[in-house]
Amino acid sequence: MERCDWAGDDPLYITYHDTEWGVPERDSRALWETLVLEGFQAGLSWITVLRKRENFRAAFAGFDPDVIAGWGEAEVARLLDDPGIIRHRGKIAATIGNARAWQEVEAEQGFARYIWDFVDGRPVQNRFATLAEVPADTDISRKLSKDLKRRGFRFCGPTITYAFMQAAGLVNDHLVGCPCHDRVARLG
């Protein structure tokens, strides 16, 4: 059995694939961090974000949405000067706005519950044999994207939300020939 082709041979990517990607995440803050990082990945490769993830965590106060929600232009300027992260004004501003939107969802029902309700609380177990079969988005990711936007979130289009769903384990898109597929399926 071979791991999913996209993991390549970079040790950081392999570790991420083998230990994190597709593992069901049920912590509200961790889910929000994943969604934010997927937004920063837009137009770039995931390995770029993965290599900068620890810098992002340091720069964004451990992705504490309650802290980030209070940020303003001074923090945006600070982040735009930080070479350790992806310096994109729109994505940085969206993260601050998304923290505020997260607070509303968290207070209303809990962000984790809100997210997991889109898959009825259980990961979708796909059985793709090749990367060519894996979709860029789905009906569920389109619904999630639309609802996130309605709630004020940005940088959360259907492709980003599907990548988020894959990363956070709402869907199991490890290929059936990958040793992680069955292990992740048992976690659901």
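Just so it is clear, the values below take in all heavy atoms, side chains as well, and ignore hydrogens, waters and symmetry mates. One-based numbering along the sequence shown. All values derive from a computational prediction rather than experimental measurement.
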Do the non-hydrogen side-chain atoms of [X] and [Y] ever get within less than 4.5 Å of each other?
| X | Y | result |
| --- | --- | --- |
| Leu148 | Arg151 | no |
| Trp116 | Pro123 | yes |
| Ile140 | Met165 | yes |
| Phe128 | Asp173 | yes |

Write down the atom of [X], the atom of [Y], and the distance for their closest heavy-atom approach.
| X | Y | result |
| --- | --- | --- |
| Ala101 | Gly152 | CB-C, 4.2 Å |
| Gly84 | Asp82 | N-OD1, 2.8 Å |
| Arg122 | Arg26 | CA-NH2, 4.5 Å |
| Ala69 | Arg100 | O-NE, 2.7 Å |
| Arg154 | Ala93 | NH2-C, 3.3 Å |
| Leu37 | Trp46 | O-CZ3, 3.7 Å |

When you check the gap from the basic side-chain N to the acidic O, do [X] and [Y] get nearer than 4.0 Å?
| X | Y | result |
| --- | --- | --- |
| Glu75 | Arg78 | no |
| Arg127 | Glu133 | no |
| Arg29 | Glu33 | yes |

In this structure, which one of Arg183, Gln166, Gln125 forms a side chain to side chain donor-acceptor pair (under 3.5 Å) with Asn172?
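Of all the options given, the one that passes is Gln125.
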Matching residue for His174 among His17, His181, Arg3 - test: side chain to side chain donor-acceptor pair (under 3.5 Å)
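With His174 as partner, His17, His181, Arg3 yield a single side chain to side chain donor-acceptor pair (under 3.5 Å), made by His17.
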From [X] atom [atom1] to [Y] atom [atom2], the distance as rounded to the nearest 0.5 Å:
| X | Y | atom1 | atom2 | answer |
| --- | --- | --- | --- | --- |
| Ile85 | Phe40 | CD1 | CZ | 5.5 Å |
| Asn126 | Thr138 | CG | OG1 | 8.5 Å |
| Leu31 | Ile115 | CG | CD1 | 6.5 Å |
| Thr95 | Phe153 | OG1 | CZ | 11.0 Å |
| Lys52 | Ile47 | NZ | CD1 | 12.0 Å |
| Ile68 | Asn98 | CD1 | CG | 10.0 Å |

Is the distance between the ring centroids of Trp6 and Trp21 under 6.0 Å?
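Yes - the distance between ring centres of Trp21 and Trp6 falls below the 6.0 Å cut-off.
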On the 0 to 90° scale, with breaks at 30° and 60°, tag the Phe111-Trp102 ring pair as parallel, tilted or perpendicular.
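Judged by the thresholds at 30° and 60°, the geometry between Phe111 and Trp102 is tilted.
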Is the ring pair Tyr114/Phe118 parallel, tilted or perpendicular, if the boundaries are 30 and 60 degrees?
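The rings of Tyr114 and Phe118 stand perpendicular, inter-plane angle above 60°.
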If we ignore hydrogens and angles and just use 3.5 Å, is the side chain of Thr161 paired with the main-chain N or O of Pro158 as donor and acceptor?
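Such a contact is found between Thr161 side chain and Pro158 backbone.
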So, Ser145 side chain and Ser141 main chain: donor-acceptor pair closer than 3.5 Å or not?
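Judged by distance alone, no pair lies under 3.5 Å.
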In one Ile/Leu/Val/Met/Phe/Trp/Tyr side-chain cluster, 4.5 Å: [X], [Y]:
| X | Y | value |
| --- | --- | --- |
| Ile14 | Leu175 | no |
| Val36 | Leu80 | yes |
| Trp71 | Leu35 | yes |
| Val76 | Phe63 | yes |
| Phe164 | Leu44 | yes |

If you count every heavy atom of other residues, nucleotides or ligands that lies below 6.0 Å from Arg113 atom CZ, does the total exceed 12?
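Result for CZ/Arg113: open.
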For side chain to side chain contact (heavy atoms under 4.5 Å, CB included), just list the numbers for Arg51 and Asp10, CA-CA rounded to whole Å, side-chain angles, deciding distance to a tenth of an Å, and then say yes or no.
CA-CA 11 Å; Arg51 287 182 179 137; Asp10 184 302; 2.7 Å; yes
